[in-house]
Each structure stands twice: as structure tokens, then as C-alpha cells.
Amino acid sequence: MSALRQMRILYFAPRACWPLDTGAKLRNWHFVRQLSRFARVTYLSFADDGAVRNGRARMGGAGPAPQPMSDIARIADQVLTLTQERPNSLGKILRGAVGELPLVVLNYTTSAMRQELARVLDEGQFDAVQVESVHLAGYLPVLRAARDRPLLLCDWHNIESEVLSRYSKHAPDPLRGLAAFALASQLAGFERKVLGQFDAHLTVSERDRAKLLALRPGLRAFAVDNGVHVDAFPAGAGGAAPGPRRRVVFVGSMDYRPNAQAIVAFARDLWPAIHAARPAWRLTVVGRNPGPEVRALGALPGVEVTGTVPDVRPYYADALASVVPLRIGGGSRLKILEALAAGVPVVSTQLGAEGLALRDREHAIITRTVEEIGGALLELDADPGLRARLCAAGRALVQSRYDWSVVGDTLAGIYQELHAQRRGAAAPPAAARPSLSARPS
């Protein structure tokens, strides 16, 4: 890895990655940590939740450090955040409907960020730019015009057109379903167009990698799993607590539509029958920014909605299981990896477990339908041996494959290969670097 020691990488993300309260932020935070092992990293993004109210904030260079980003300043050379313009304005909606850039891309494409990106590229002499999601593809002209011609990598947290297409089939009303379908079709065309404008692509799973390759055979694409900091859950925090298990948890950002839709449907349609069979149980909904429909679930018998919490581990400590009743979504679920690291069995739909190397009834219980989750929970309650086996196998899986240190080795191997190819040198032997195609099971 010595050839990478002097690399400079610009990490370009839609949002600041602190606080660590969404899957995207966790992936970005840990990627920056892993990249900083072998390269100098500059982090550039829009501010999150108004952390920067006016103009630009800089860390690692000059000026005060905004508190929400203070931790990342310890590992990055420089952190720069800009105020984002109001998304979904009427002007953006109209331009998105008739222009080249879809609305979800226009929301992150501003003249201020173009100017800042051009300035940073001109001053930074970067070897590579890692672009976090297709939402930032509107800046490709600026990136490709950079003086030093850095390698351009796109990290696909989801295949966004797929998420929208799935949502269109489960939208709460026909009008929103039609709008989502139209946007999904437009975005799919945009994704196909920009695939060839990056030098390489990263995906969260082999499944998503295969979908990109199907769109553009021969694409340079690598699967880099989502991960979990296993040591944050010593000895499986959820498996060690004594006493009966009476909590069923759902963990996720409640301002993410697939999460909110999943838990509202589960709590209203399925939980009453489960609670009638086990009146002592409670369903605990843990996650930031619950909207009115999610908050209203707290009025249902046996349901509590926590909102934002400083630490999710206490909720895993006495959990019978973590449920993932997703009907829509994309990528892979960090919430599943977190529960497995905590030693808590996972009961998930097939879509919820998508993209992860989980085997049904070995690492988790994977149901064909949401309606089967209730029966799986009752089975776990009745069979402590099954629960113990799932806890042990699930934690072993995340330790061997999904710990962020393992993911970081894969990421380093990819950069090593791309760097060697750019320099015209032979890539290191396979035995000397992490595998880029084969994955441990």
C-alpha cells in the first residue's frame, strides 16, 4: 500500500456525515476513516440540517469548526460545507420536468457548489474524487474539466431509479405513484447516461454491481459492502442480557420514506394481532425525525416511538428481535448489520435483506411476505435454541465480512488497483491485496 501513501482524495458527498444518524452518513463517515489510513482526504458537502446557515464553513483550514462536523475534522485534511438551496422549489420542479437533470439531481446542483468545487479542485491537486451517489452527477462537467484529471469514482448507495420505481407501486395514492414512476423513468435514463462518465463505480452489493453491469457491460465496477463497527457491541450486547425478551425493535431514519411506510403499515395492520397473542410485548420504533404518521403510532397498544436517541444499544439489550418489514427500498440495510452485531436476531422481508449474504434460518429469518413476520416472532419466542443459533451465526458473519475494517481493506485494494492501472504498472498479486470479486461467506 506504500504507493498510495501520498494520494490525495476529494470525498464529495451530498450531506455532512455527522451526526451518525442515517445509513448514508455511516457509510460516508467510515469510508473517510478507511481512506484516511492511506491517503489525505478532503471532505466537501452541503451542510446537514442547517449546520451552516450562510455561505461556507471550513475545517482543517481556516475558520471555526461547526460542532456537527467536529469529529470528522480529526481524520480529514480539510472539511468544507456549504448551505444548500431550498429543495423541490417550483423552479427546480419545472426545470426537472423539461431539462436534462432530474429533480433529485437538481436539488443538489447549485452555482455556489460549482464554484466551490472548481476552486477546491484547482487548489487541491487530487488523484481521485469519490462522488457519493448519482445525486451529484450534475457536477460531472466541473469534475471532468479538473486540471489534474483525477480518477472519478461514483459510490452508489442505492440505484435511485429502482427505489423510486418500487415506491411508485406502493405509493399512498395514484397521483404520487404516477409522479414517482415518471421520475423513476427519467432518472433511469440519466443513470445510464452518466455511467460511462466515471472511471469506476462502487456499489453496496454484488446484486447492485450486476445491475450496473447489465446496463453497461464492461463497466469498471466493484462491490464494497456496507458495514458495522462490531466492537461497538462487545460480545453481542443484545445476547447477553438475562430475563425474558419482550421488546421488538424497528430501527431506522424515520424521515426516509421506505422506513416510515414500512413501520406504519406493520404497526397498524400486523402488530395488533401480535400484541393480542403476547400482551407483554412492546414494539419500539427507534429513529430520527418521525413524522406525524409515525408519531401517531405511539397511541397504539404496546407501541412506543422514541424519536432521535443518543445510543441505540440499550434498545437492543432486551430485544427479542429486530424487524425489517420493508416493501420498498434499495441498496443494503445497515440496520440489519447493526442488530446482528448486537447479538439480536433479525426477522426481515426478502427485500429488506436484499444485498446481504444472509442465509434464511442460519443468520436471520427471511420471510416471503410482511404478513409472515408475526409467526416468525412467535417462533423465536417459543424456541430459545433457534434464537441462540441465529445470534451466534449472525454476529460471526458480521465479524468476518461486514466489519468496517474488512470493508476498508476492500476499498484500499480497489484504490490500489486503480492507482496501478492509472500509472501503467502491474496491479499487486491477488494474494497481496483484498479480493475485489470474491467475497467470504
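Heavy-atom contacts from other residues, nucleotides or ligands closer than 6.0 Å to CD of Gln197 number more than 12. Heavy atoms of other residues, nucleotides or ligands lying less than 6.0 angstrom from CZ of Phe181 number 12 at most. More than 12 heavy-atom neighbours from other residues, nucleotides or ligands sit within 6.0 angstrom of CZ on Arg268. The local environment of CD in Glu100 is sparse, with at most 12 non-hydrogen atoms from other residues, nucleotides or ligands closer than 6.0 Å.
Applying the side chain to side chain donor-acceptor pair (under 3.5 Å) test to Arg27 and every residue at least two apart in sequence or in another chain returns Asp155, Asn226.
The heavy-atom pair separating Val407 from Arg401 by the smallest distance is CG2-O, 4.3 Å. Across Ser205 and Thr203, no two heavy atoms sit closer than the pair O-OG1, 2.8 Å. Leu390 and Ala364 make their closest contact through CD2-N, 3.6 Å (heavy atoms, listed as atom of the first residue, atom of the second, distance). When all heavy atoms are compared, the tightest approach of Gln261 to Pro172 is NE2-CD, 4.5 Å.
Of the possible polar contacts, one joining the Glu372 side chain to the Arg368 backbone as a donor-acceptor pair under 3.5 Å is found. Counting only distance, with no hydrogens or angles, the side chain of Asn259 and the backbone of Ser253 share a donor-acceptor pair below 3.5 Å. Judged purely by atom type and a 3.5 angstrom limit, Arg395 has no side-chain atom pairing as donor or acceptor with the backbone of Gly343. Using modelled atom types, one side-chain atom of Tyr402 and one backbone atom of Ala357 make a donor-acceptor pair closer than 3.5 Å. Ser36 places a side-chain N or O within donor-acceptor distance of the main-chain N or O of Val32, the cut-off being under 3.5 Å. Asp77 places no side-chain N or O within 3.5 Å of a backbone atom of Val41 that could act as its donor or acceptor partner. Formation of a donor-acceptor pair under 3.5 Å by the Arg207 side chain with backbone atoms of Gly355 is not found in this model. The main-chain N or O of Ala353 is found under 3.5 Å from a side-chain atom of Ser348 such that the two form a donor-acceptor pair.
The salt bridge (Lys or Arg N to Asp or Glu O under 4.0 Å) test with Lys211 singles out one residue from Glu160, Glu162, Glu354, and that residue is Glu162. Partner Val129 forms a side-chain contact (heavy atoms from CB on, under 4.5 Å) with one of Leu151, Val120, Leu121, Leu153 and no other, that one being Leu121. Here the options are Val228, Val230, Leu337, Asp225, the test is side-chain contact (heavy atoms from CB on, under 4.5 Å), and the partner is Asp403; only Val230 passes.
Residues Pro150 and Asp127 fail the side-chain proximity criterion, which asks for heavy atoms closer than 4.5 Å.
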Between Phe12 and Tyr43, does the ring-ring contact (aromatic ring centres under 6.0 Å, His included) criterion hold? Intermediate values first, please.
CA-CA 6 Å; Phe12 186 29; Tyr43 189 100; 9.5 Å; no
Show, in sequence, the C-alpha distance, side-chain angles and deciding distance for Arg40 and Gln78, and conclude whether the side-chain hydrogen bond (donor to acceptor under 3.5 Å, both in side chains) test is met.
CA-CA 9 Å; Arg40 297 172 59 190; Gln78 187 173 222; over 6 Å; no
Please step through side-chain hydrogen bond (donor to acceptor under 3.5 Å, both in side chains) for the pair Glu132 and His157, ending with a clear verdict.
CA-CA 7 Å; Glu132 293 304 307; His157 293 228; 2.6 Å; yes
Walk me through it: do Arg33 and His30 pass the test side-chain hydrogen bond (donor to acceptor under 3.5 Å, both in side chains)?
CA-CA 5 Å; Arg33 285 186 65 229; His30 285 285; 3.3 Å; yes
Check step by step if side-chain hydrogen bond (donor to acceptor under 3.5 Å, both in side chains) holds for Arg15 and Ser45.
CA-CA 5 Å; Arg15 289 288 183 186; Ser45 74; over 6 Å; no
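The side-chain hydrogen bond (donor to acceptor under 3.5 Å, both in side chains) analysis of residues 104-115, with sequence neighbours excluded, yields the pairs Asn88-Asn107.
A cation-pi geometry, defined here as NZ or CZ lying under 6.0 Å from the six-membered ring centre and within 45° of its normal, holds between Arg8 and Phe126. Cation-pi geometry between Arg257 and Tyr167 is satisfied (NZ or CZ under 6.0 Å from the ring centre, within 45° of the ring normal).
In this structure, His201 and Trp156 have tilted ring planes: the angle between them lies in the 30° to 60° band. Between Tyr415 and Phe38, the angle of the ring planes lies from 30° to 60°, which puts this pair in the tilted group.
Between Asp199 and Arg149 no salt bridge is recorded (no basic side-chain N to carboxylate O distance below 4.0 Å). Between Glu116 and Arg119 a salt bridge is recorded (basic side-chain N to carboxylate O distance below 4.0 Å).
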